[in-house]
Amino acid sequence: MKNSAPLALDLAGIKMNSPLVAASGCYGYGFEYGTWVDLREWGAIALQGTTLHPREGNRPPRLAETPSGMLNAVGLQNPGIKHFLQEVRPRLGELGCPVIANIAGESVAEYRELAAILDGVDEVSAVEINISCPNVRLGGISFGRDPVAVGELVSAVRGTYRGPLIVKLSMEASDLVAVGRAAESAGADALSLINTLKGMVIDIAARRPFLGNLTGGLSGPAIRPVAVRAVWEMAVAVRIPLIGMGGIASAEDALQFILAGASAVAVGTANFIDPHIAREINSGLRRFLEQEGLDHYSELIGAARDCPESR
Ligand SMILES: Cc1cc2nc3c(=O)[nH]c(=O)nc-3n(C[C@H](O)[C@H](O)[C@H](O)COP(=O)(O)O)c2cc1C
């Protein structure tokens, strides 16, 4: 018998109607889209990154178009946690789906403080810690590279936040799997991967880097094969669920991540092209399940590993 909710899941305690997550930084606080998009198409919405103090972000230009992707150096511009509590929190009920707060700090103490504040916020279903933003100089990146530092950071946050804790990994780590394992051992409930990849575009007329920040984070279809590979490798290394992301713009793209071992998938850059992308991808996933005669998408998680070459 067909399952009545073939896309529903419980991801580390987050009850989701679909494995699709709106990726942090690419969907604002969600409610900006609420008048013209049915937000319940999302299994969860990861809010834009929040820091302890307001941040103005990097100097412009902050965006550059690249082949099959874009380079951004927004630099975690956000109004800070106080504004979040006063202005954003009261509106989170409008979203109609679970909310994941994404946090970034400049020190372990800042991450701890943010997590402690969010522990008391019922409207937030989970916290995602960004240890990996490639275009913030003082920010998470220094944590994200080193398994020992990641372990310490995650333990510290785990000590103050009791809900589902997601750690968002950086490809800047020389040994990504070691970082993922360190996060798991320190108490992470799920891993998000991947964040953007550090890149640069040169303005040849000006003879200088195009972005005000010099470098930025590459996202979109250009990074998808790197992201699928990262999920593939992480899936055998840890037992906690993975949220795969990087260049997903269709159900077929999402299926690649699921078959590689992701339990859920996030969509970032594709929202800028098609704000209704969640509806499209959900329909495509349902169609695929029907074609394949499957009851639930979870039957596909990691199924690509069954090929003889990977045994
Ligand atoms: C403009 C922009 C802002 C982003 N801001 C954040 C952020 O605040 N926190 C975070 O963890 N990731 C952030 N990301 C990374 C995305 O959540 C995602 O990991 C990455 O873009 C890869 O997915 P995509 O190719 O579907 O965009 C940002 C990405 C973009 C393009």
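Only this structure's heavy atoms are used, side chains among them; waters, hydrogens and symmetry mates stay out. On a predicted model such as this, the values are computed, not experimentally measured, just so you know.
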Measure the shortest side-chain to side-chain distance between [X] and [Y] over non-hydrogen atoms and say whether it is less than 4.5 angstrom.
X      : Y      : answer
Met245 : Ile243 : yes
Val99  : Ile45  : no
Val21  : Val267 : no
Ile117 : Phe84  : no
Val226 : Met171 : yes
Val127 : Ile103 : yes

Residue pairs, two or more places apart or on separate chains, that pass side chain to side chain donor-acceptor pair (under 3.5 Å) and touch residues 264-277: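 Output for this query lists Ser219-Thr269.
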
Is there a donor-acceptor pair under 3.5 Å between the side chain of [X] and the backbone N or O of [Y]?
X      : Y      : value
Glu299 : Asp295 : yes
Arg59  : Arg62  : no
Arg55  : Gly75  : yes
Tyr297 : Leu9   : no
Ser24  : Leu47  : yes
Glu110 : Glu106 : yes
Arg40  : Gly96  : no
Ser310 : Arg305 : yes
Asn195 : Leu169 : no
Arg181 : Glu184 : no

Gln48-Asn78 side chain donor-acceptor pair, cut-off 3.5 Å: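 Distance-only check fails for Gln48 and Asn78.
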
Side-chain donor-acceptor contact under 3.5 Å, Asn282 with Ser18: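 Their side chains do contain a donor-acceptor pair, which is all the 3.5 Å distance test asks for.
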
If you round to the nearest 0.5 Å, how far is [atom2] of [Y] from [atom1] of [X]?
X      : Y      : atom1 : atom2 : answer
Leu285 : Ser250 : CG    : OG    : 9.0 Å
Asp119 : Thr160 : CG    : OG1   : 7.0 Å
Asp189 : Leu165 : CG    : CG    : 6.0 Å
Thr50  : Lys82  : OG1   : NZ    : 15.0 Å
Leu214 : Asn58  : CG    : CG    : 9.5 Å
Ile81  : Thr51  : CD1   : OG1   : 8.5 Å

Of all heavy-atom pairs between [X] and [Y], which one has the smallest distance, and what is that distance?
X      : Y      : answer
Leu211 : Ala73  : CD1-CB, 4.1 Å
Val37  : Pro275 : CG2-O, 3.8 Å
Ala64  : Phe210 : CB-CD2, 3.7 Å
Ala262 : Gly244 : CB-N, 3.8 Å
Ala264 : Leu11  : CB-CD1, 4.0 Å
Leu20  : Ala278 : CD1-O, 3.5 Å

Does a side-chain N-to-carboxylate-O contact under 4.0 Å join [X] and [Y]?
X      : Y      : answer
Glu290 : Arg287 : no
Asp122 : Arg89  : no
Arg224 : Asp253 : yes
Arg145 : Glu172 : yes

If you draw a 6.0 Å radius around [atom1] in [X], do more than 12 non-hydrogen atoms from other residues or ligands fall strictly inside?
X      : atom1 : result
Gln291 : CD    : yes
Arg208 : CZ    : yes
Gln86  : CD    : yes

Contacts of type ring-ring contact (aromatic ring centres under 6.0 Å, His included), residue Tyr27, not counting sequence neighbours: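 Scan of Tyr27 (ring-ring contact (aromatic ring centres under 6.0 Å, His included), adjacent residues dropped) gives Tyr33, Trp42.
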
Joint cluster assignment, Ile248 & Met70, ILVMFWY side-chain distance < 4.5 Å: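 In one cluster: no.
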
